[in-house]
Protein chains: 2
Amino acid sequence: MSDSEPQLLHLHTLKASCASCSVLELCLPIGLTGVEVERLDTLIAQRVKVKKGAALYRTGDPLRSLYAVRLGFFKTSVLSVDGREQVTGFQMQGEMLGLDAISTDHYACNAIALEDSEVCPIPFSNLEKLARDLPSLQHNLNKLLSQEIVRDHDMLLMLGNMNADERLAGFLLNLSQRLNRRGYSSRDFVLRMSREAIGSYLGLRLETICRCIAHLREENLVDLQGRNVKILDLPGLRQKVTGCHRHTEL
Amino acid sequence: MSDSEPQLLHLHTLKASCASCSVLELCLPIGLTGVEVERLDTLIAQRVKVKKGAALYRTGDPLRSLYAVRLGFFKTSVLSVDGREQVTGFQMQGEMLGLDAISTDHYACNAIALEDSEVCPIPFSNLEKLARDLPSLQHNLNKLLSQEIVRDHDMLLMLGNMNADERLAGFLLNLSQRLNRRGYSSRDFVLRMSREAIGSYLGLRLETICRCIAHLREENLVDLQGRNVKILDLPGLRQKVTGCHRHTEL
DNA sequence: CAAGCTTGTTGATGTAGCTCAATGTCTTTA
DNA sequence: TAAAGACATTGAGCTACATCAACAAGCTTG
């Protein structure tokens, strides 16, 4: 565990504002009217900065806020009783952190910033109160929760049924897609996480990730140097995931 | 796929009633006042019976209702593009089906009855409306969604970090616990699902499940004949899961 | 109750991905 | 800008689980 640096949360004096946020259309306020967004804005006192490597929260911390990622990149992970780590997700701009805490009023995972990041804390009890007044806000929250479930089921399918090459291809495609929706290139991006974190996420060892990267390179599907990704053959990559036989054949 | 029998949904003339339900305290109405439960009751027109092997819903069906399992046993599964099946969960009394559909208004998995079962359909749009009036109902729904996320993360940990014996032990313990909370024996129960379904759920082949059962038997932890389970050494079983080293050692 | 089907068990063999290890490269810090 | 630490790559060998196959035991149905 190299993530145990002291937690550094810098308060930002700037008032947060969903209305002017670049990821408004991907985040909790999606589809809300101007007036509704304004009311949601009143919940978010200020943005919070999280330094690379610092924890936004840790397993067992009491739930105070959900967090919308405004800028940067996070990983969430759960620990087994004997200390083994499973990365459960990577979150980027407009994605929500802390949904798993609603269940017990305590966060059920660790959320670590993979680069200097900024989040919008949304005090949960206030959010629930406001959501009573704003049906579409409540509906959005329900959808966000449900989306997370669907995502997790897709991951189960990956871990349960796909081989290493397929998992890595699926992972890269997923990143590519999400970055694209945020206005970034879908073919040219930078990995924010280590090989080890990717491995943990995909249920593989980091050495296997390295080897799978080599495979993709040999097949001229991806040019991956260090953390710089250039997708050379997007359809080819897609085919790798869809034709997901456990072993052999393509 | 042996689950493609014609879908048989028999309408039950009996009016559903949460108030008199045996799993009231485990289901959506948990913690609601009498009056609140009555209002929830008005949403549930009638119970629905689902024959063993029949589908309650299938991937892509439009979301109309969430379903509370009143009696019986279900499995949910997602299919990969190329037709591989991943079982995502087994649901028993008091557990909710269909939460994954809120995300897109379409069910994202198949729900198949593993024995003759009975569910309480809760029309989702009505539920959302009622939840505006009943904060605790809304809160319960949020919690249920969040719980599903936590459960899924636990499964990711299993598939990503635990070996076959540990996964099976974890699976049996989980069943044992849930049955116990419903007033059944935690040491003596019947599996409702095939070895293949267990395997799919745990990311293993059915042959591996058989062999792991043999291991548990050899270690005198469990007496498992066919689908009849007798847990002989509960602490021993627990230790098997907690000491979850990927290979070797205990 | 016999025949056929589904489900479960067990053995033999193969292999994908893990482990261990050596080495290289990039990043941080002093 | 040198040194240390973190991160990535690649090879060699091992092992847990998959695959294939044969058979046994329960259910189902005529």
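Naming convention: chains lettered A, B, ... in sequence-line order (proteins, then strands); numbering from 1 in each chain.
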Any donor-acceptor pair under 3.5 Å from B:Tyr201 side chain to B:Gln86 backbone: no
* Passes salt bridge (Lys or Arg N to Asp or Glu O under 4.0 Å), A:Lys51 versus A:Asp116? Steps please. -> CA-CA 4 Å; A:Lys51 279 257 168 244; A:Asp116 290 0; 3.5 Å; yes
Rounded to whole Å, the CG-P distance (A:Asn161 to C:dA16) equals 17 Å
Within a radius of less than 6.0 Å around CZ of B:Arg64, do more than 12 heavy atoms belonging to other residues, nucleotides or ligands occur? no
Applied to residues 189-204 of chain A, the salt bridge (Lys or Arg N to Asp or Glu O under 4.0 Å) test, sequence neighbours excluded, yields A:Glu115-A:Arg192
### Query
Checking side chain to side chain donor-acceptor pair (under 3.5 Å) for the pair B:Gln225/B:Asp223: CA distance, chi angles, key distance, verdict?
CA-CA 7 Å; B:Gln225 309 284 347; B:Asp223 173 20; 3.1 Å; yes
When rounded to whole Å, the NE2 to P distance for the pair B:His215 and C:dT9 reads 13 Å
Closest to the side chain of A:Arg217, out of C:dG17, D:dT10, C:dT9, is D:dT10
From CG of B:Leu159 across to C1' of C:dG17 the rounded distance in Å is 16 Å
- Message: Between A:Arg151 and A:Glu95 (salt bridge meaning N to carboxylate O under 4.0 Å), is one present in this structure?
- Response: no
Pairs under 3.5 angstrom, nitrogen or oxygen only, protein versus nucleotides 24-26 of chain D, please.
none

To the nearest angstrom, the CE-C1' distance between B:Met162 and C:dG17 comes to 19 Å
When rounded to whole Å, the CD to C1' distance for the pair B:Gln225 and C:dT9 reads 12 Å
*Just to confirm, is there a sub-4.0 Å distance from OP1 or OP2 of D:dA6 to any side-chain nitrogen or oxygen of A:Arg195?*
no
Taking C:dG17, D:dA8, C:dG11 as options, the one with an atom nearest any side-chain atom of B:Arg211 is C:dG11
The residue, A:Arg167 or B:Ala214, whose nearest nucleotide of DNA chain C is more 5′ is B:Ala214
In whole angstroms, the gap separating C1' of C:dT23 from CD of A:Glu207 amounts to 14 Å
Closest to the side chain of B:Cys210, out of D:dC17, C:dG8, C:dT28, is C:dG8
Which of C:dT10, D:dA8, C:dC18 is nearest the side chain of A:Arg205? It is C:dC18
(Q) Just to be sure I understand the rule, does B:Leu206 reach a base, reach only the sugar-phosphate, or reach nothing, if contact means heavy atoms closer than 4.0 Å? (A) base
Pairs of donor and acceptor atoms involving the side chains of residues 206-214 of chain A, under 3.5 Å and at least two apart or interchain, shall be tabulated with distances.
none

In whole angstroms, the gap separating P of C:dA16 from CG of A:Leu202 amounts to 18 Å
B:Arg227 has its side chain closest, among C:dG17, D:dA8, C:dG8, to C:dG8
Of the candidates C:dT9, D:dA18, C:dC18, the side chain of A:Thr208 sits closest to C:dC18
note: A:Leu168, atom CG; C:dA16, atom C1'; distance rounded to Å ~ 15 Å
